[in-house]
Structures are given as structure tokens and as C-alpha cells.
Amino acid sequence: MFGRRERFDEVLRALRLVGAPRRHPELVAELLAESNLRFADVSARVRFSPGRYTRNAVFRCDEYEVLLLAWDRGASSAVHDHAGSQCWFMPVAGKFDLKDYAVRTGGHEPGPAELELIRTRRAVAPGAVGHKDEGDDVHWVGLSEGSAYGVTLHVYARPIDQCLVFDVPRGLAFARRLGDDALAGPRFAHGPLAMRARRMFDGLPRPASWVRNRLRPTSH
Ligand SMILES: [Fe+2]
């Protein structure tokens with residue numbers, strides 16, 4: 001079999017052989033499930049950011065695109081659709097909570113949209129492949145409480161530049177443009193360890209002098 005570094009390249013090569021994922025949805029799900037990807041296979045391609053998820057573009061052609069999403073502790077997506085594209089989704093690291101929604105009214109363009117929560121799954125583990133078909137694709141994704149960080153692999157066919165996000169309690173849909181986060185700075189500053197260090201530092205009590213300086217009334 002392949003070494004850790006080559007394993008992800010092998011998945012990309014296999015997708016290129018499939019060519020048009022929309023015509024072979026089971027094949028795509030199968031090759032993702034059998035890829036046995038772990039964090040070490042993708043760590044060089046993802047950058048984390050505190051308290052949110054980042055989009056890391058990997059490959060894009062007319063037929064499909066491949067993204068890795070890197071989730072910091074507590075991060076979750078908006079409730080969103082996939083703009084009529086098919087979507088394959090697989091946790092690579094961390095566990096994820098998933099909620100599926102049915103669109104009752106609207107939901108095809110920005111404006112009023114009534115959604116109903118139809119399914120909740122908790123702590124979906126690495127290797128479990130989800131597939132969303134055209135038209136039945138509104139969901140929410142969040143990193144499970146017990147996971148300090150996570151990575152998910154996404155294949156969208158065709159590529160998605162814009163989707164709808166939903167404010168479920170208010171019954172509204174909004175358009176959102178999507179893009180690569182392309183975070184600057186050295187990779188080590190965007191790894192899971194750096195996120196943990198940042199949380200530890202944020203949790204430290206401030207020195208008394210720091211507090212005093214900020215409480216001092218400003219002179220005019
Ligand atoms: Fe999604």
C-alpha cells in the first residue's frame with residue numbers, strides 16, 4: 001500500500017480517473033471510504049484559525065473540486081445548501097455532529113425559506129462518508145464537543161462558488177460567496193498545537209499591572 005505522504009495524492013489520482021463524480025456517486029463514496037486517510041496524510045495542506053473552520057482548496061476542474069476544511073475546537077458551519085451540486089463529505093480527523101434539513105417552502109433563492117430539522121447524527125467518526133444529492137442537500141456540520149480539532153474532506157461536483165445559508169429561526173435564506181481562506185504566515189502557526197497554545201494563553205490570568213493599565217481613566 002502507500003506511505004502516509006502519498007495516500008492523499010492517491011485519492012486525488014483516483015478522483016481524476018473517475019473524471020465526472022456526478023456520474024459515479026457510489027464509486028466516489030467507495031474510494032473515499034477505502035482511502036483510510038488520517039490527519040498525517042493531510043496536515044501539510046490545512047491551516048487552522050481560532051474558533052472557526054477554514055476552507056483549504058486542493059484541486060479544481062470544470063467537473064469537480066476537492067477541499068479540506070480545518071475545524072478548530074467548537075467550530076460549526078451555517079445551515080447551508082450546495083447550490084445544486086453533489087457533495088461527498090468525510091471526516092479525516094475529529095468527530096462531527098450533523099443535522100439534515102428538509103426545505104418546506106422557498107429555499108431556492110435568497111428570501112423566505114422554511115426548513116425542518118429531519119435528522120441529527122452525533123460524533124460521526126473519520127472514514128464515514130456522507131453523500132448529498134442535488135436538491136436534498138441542506139445541512140449543518142459542527143465539530144463534536146469532545147474533539148479539539150478536526151479535518152473534513154469534501155468533493156463538490158460541480159465546483160461551488162456561491163451557496164445559500166439559512167437563518168432557520170427567522171425563516172430566511174441568504175446568498176454567500178465561497179472561496180479559499182489562503183491564510184498567511186508559517187504553517188506551524190496554523191496547526192492544532194498552535195490553536196491549543198493560543199487557548200491556554202488566552203485562559204491565563206492577566207498580570208495585575210495589565211489590568212490596572214486598562215482600568216485607568218483616560219486623560220483628555
Ligand atoms: Fe455542506
Side-chain angles (χ1 to χ4, degrees), residues 11 15 21-22 25-26 28-29 31-33 35 37 42 45-49 51-61 63-72 74-104 106-110 113-144 147 149-169 172-181:
V11 172
L15 284 170
R22 288 178 302 161
E26 295 86 9
V28 174
L31 79 87
L32 293 184
S35 66
L37 287 175
V42 297
R45 296 174 181 263
V46 295
R47 286 171 177 237
F48 292 80
S49 186
R52 67 180 184 99
Y53 73 86
T54 66
R55 291 166 55 86
N56 303 264
V58 174
F59 178 79
R60 186 179 173 119
C61 62
E63 278 294 332
Y64 68 96
E65 65 180 333
V66 182
L67 285 131
L68 289 163
L69 270 52
W71 306 70
D72 191 28
S76 63
S77 75
V79 177
H80 62 277
D81 74 359
H82 302 86
S85 285
Q86 286 192 41
C87 158
W88 293 259
F89 158 96
M90 183 178 75
V92 174
K95 292 182 178 175
F96 288 83
D97 298 335
L98 311 173
K99 293 177 183 175
D100 293 327
Y101 291 84
V103 178
R104 296 305 181 205
H108 302 296
E109 56 191 11
E114 194 188 329
L115 264 54
E116 186 187 337
L117 177 65
I118 52 171
R119 186 152 78 129
T120 300
R121 279 163 293 165
R122 300 218 177 270
V124 175
V129 179
H131 175 236
K132 292 270 171 208
D133 222 332
E134 298 104 336
D136 171 30
D137 64 340
V138 178
H139 73 160
W140 172 95
V141 181
L143 186 62
S144 296
S147 296
Y149 68 95
V151 175
T152 46
L153 171 64
H154 301 251
V155 178
Y156 299 123
R158 297 176 184 260
I160 306 174
D161 293 316
Q162 183 169 313
C163 73
L164 289 177
V165 296
F166 298 88
D167 182 334
V168 178
L172 288 170
F174 302 89
R176 176 181 286 178
R177 287 206 68 77
L178 301 170
D180 184 17
D181 277 306

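Since we're looking at a predicted model, the values are computed, not measured. Positions are given from 1 along the sequence. Whatever order the structure lists them in is the order used to number ligands and atoms, beginning at 1.
- Using bins of under 30°, 30° to 60° and over 60° for the plane-to-plane angle, the ring pair F59/Y64 lands in the tilted bin.
- In this structure, D137 contributes its side chain and H82 its backbone to a donor-acceptor pair below 3.5 Å.
- Within the 4.5 Å cutoff, no side-chain heavy atoms of V165 are placed close to those of V79.
- At least one donor-acceptor pair under 3.5 Å links the side chain of D181 to the backbone N or O of R55.
- Tally of protein N, O or S atoms closer to the Fe ion (ligand 1) than 2.8 Å: 3.
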> Please walk me through it: do D81 and K132 pass salt bridge (charged side-chain N to carboxylate O under 4.0 Å, His left out)?
Replying inline: CA-CA 10 Å; D81 74 359; K132 292 270 171 208; over 6 Å; no
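- No side-chain heavy atom of F89 sits under 4.5 Å from any side-chain heavy atom of L32.
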